Amino acid sequence: MNTEQWIQEAEQVLMHTYARFQIVLESGDGVYLYDVEGKKYLDFAAGIAVFALGYNNKEYNDALKAQIDKLLHTSNLYYNTPAVEACKKIVKATGLDRVFLTNSGTEAIEGAIKLARKVYFNKHGKADSQIIAMNHSFHGRSMGALSVTGTPKYREAFGSIDGVVFADYNNYEDIASKVNEKTCAIIMETVQGEGGLYPANKEFLQKIRALCDEKGILLILDEIQCGMGRTGTMMAYEQYGVKPDIVTMAKALGCGVPVGAFIAKEDVAAAMVPGDHGTTYGGNPFAAAAVSKVFDLFASEKVLENVNEVSAYLEEKLDALAAKYDCIKERRGLGLMQGLEFTMPVRDISVKALEKGLIIISAGANIIRFVPPLVIKKEHVDEMIAILEECIA
Ligand SMILES: *Cc1c(COP(=O)(O)O)cnc(C)c1O
């Protein structure tokens with residue numbers, strides 16, 4: 001079947017929750033994807049910041065296949081060895097103490113919210129806590145995660161859980177003014193992704209950390225998108241000299257295998273006791289083996305070094321584009337998580353880029369988001385810039 005036939009069949013069975021691009025992807029290799037007609041695309045989206053190691057990494061695939069032949073699933077009623085190994089590596093990477101593995105980023109956020117609420121409940125004996133979340137944040141689409149997502153139009157039709165207060169990101173005064181005796185946590189992305197590629201200011205985040213310490217409030221950092229090396233350090237917060245009480249991870253954590261995690265400091269994690277939280281699939285041997293191998297490959301393939309080298313080059317090239325074209329307002333971002341804000345909607349540019357064999361995505365209407373595999377090289381940046389410039393011009 002060709003592209004058109006596949007799309008026609010898809011549209012009969014898929015729920016209409018996405019305005020999909022009109023291509024049907026079939027395989028991938030390195031930083032390139034191929035559609036059902038054999039057309040090749042340079043990928044600067046990585047399945048939305050997921051495929052850090054690039055497609056079809058042999059060592060990774062072999063590890064997955066080996067685990068498939070051993071044991072796929074056990075449930076969390078028993079221990080399994082891949083989960084122990086994965087969680088040890090997550091603890092080391094985050095500098096926190098205890099891990100709960102989930103199937104997605106959204107579920108990691110749900111867990112983080114429940115954990116923060118439980119800590120408050122243990123202290124006050126009541127479940128009337130509040131969480132301060134950021135305007136323009138994105139934390140996921142389930143009811144809890146959606147309730148702390150700062151885009152009113154996503155929430156409008158669905159309502160919210162109780163006890164969420166919104167404040168402006170990078171605005172210490174606004175957040176501090178919303179703290180009260182019911183505040184159990186402040187949740188934010190270290191670098192806002194969907195909301196427009198805004199990194200937290202260093203001084204801001206340090207002051208928020210100090211505020212949380214002073215008031216006994218938990219700091220939840222969502223590093224689902226910006227964690228796992230994307231900004232040049234394993235966790236983005238390393239660059240800020242702060243540590244959260246709870247961090248959420250997903251996306252590149254499994255590099256294509258659906259897995260997430262929320263991780264907490266010892267005294268915070270202690271609030272959860274058997275019966276408080278659970279998942280059937282979360283942290284199953286297959287997903288855990290994936291996570292474990294991802295960490296190994298980050299080390300052996302020197303992924304962080306590559307991110308630092310290539311992201312400096314990408315910034316330079318994007319800055320040059322921004323200087324050259326009036327329709328580009330600014331570049332911003334951190335590491336290989338970059339955005340170009342235009343003065344007009346960018347959907348047409350993304351569609352044109354696809355025709356020319358480049359996959360790019362947006363973040364909001366006017367911003368092109370660059371979240372490529374973390375193994376891209378400078379030559380791929382050149383290739384991307386050349387196509388992008390044709391589309392802009
Ligand atoms: C993608 C994303 C989520 C949601 O993760 P899913 O795996 O799609 O459930 C939450 N927070 C941030 C910052 C994200 O980028």
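Remember, it's 1-based here, ligands and their atoms both numbered in the order they're listed. These numbers come from a predicted model, not from an experiment.
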Q. With a cut-off of 4.0 Å, which atoms of ligand 1 are near a heavy atom of Gln225?
A. 15 (O)
Q: Give me the ring orientation class for Phe262 and Phe100: parallel if the planes are under 30° apart, tilted from 30 to 60°, perpendicular past 60°.
A: parallel
Q.
Which residue and atom name correspond to the protein heavy atom nearest atom 8 (O) of ligand 1, and how close is it?
A. Thr106 OG1, 4.2 Å
Q) Looking only at distance, does Ala250 have an N or O less than 3.5 Å from an N or O of ligand 1? A) no
Q.
Could you identify the single nearest non-hydrogen protein atom to atom 11 (N) of ligand 1 and state the distance to 0.1 Å?
A. Asp222 OD2, 2.7 Å
Q) So, are Asp348 and Lys352 salt-bridged, with charged N and O less than 4.0 Å apart? A) no
Q | Heavy-atom nearest option to atom 14 (C) of ligand 1, drawn from His139, Glu194, Lys251, Met337 | A | Lys251
**Q.** Residue Glu189 vicinity, atoms of ligand 1 by number, heavy atom under 4.0 Å
**A.** 13 (C)
Q | For the student: nearest non-hydrogen atoms of Pro285 and Pro82, plus distance | A | O-CB, 3.6 Å
Q) Do other residues, nucleotides or ligands put more than 12 heavy atoms under 6.0 Å from the OH atom of Tyr281? A) no
Q.
Using every non-hydrogen atom in the two residues, find where Gln130 and Asn180 come nearest and quote the distance to one decimal.
A. OE1-ND2, 3.1 Å
**Q.** Exercise: identify the closest heavy-atom pair between Tyr120 and Cys184
**A.** CB-CB, 3.7 Å
**Q.** Nearest neighbour in protein (non-hydrogen) for atom 5 (O) of ligand 1
**A.** Gly105 CA, 3.3 Å
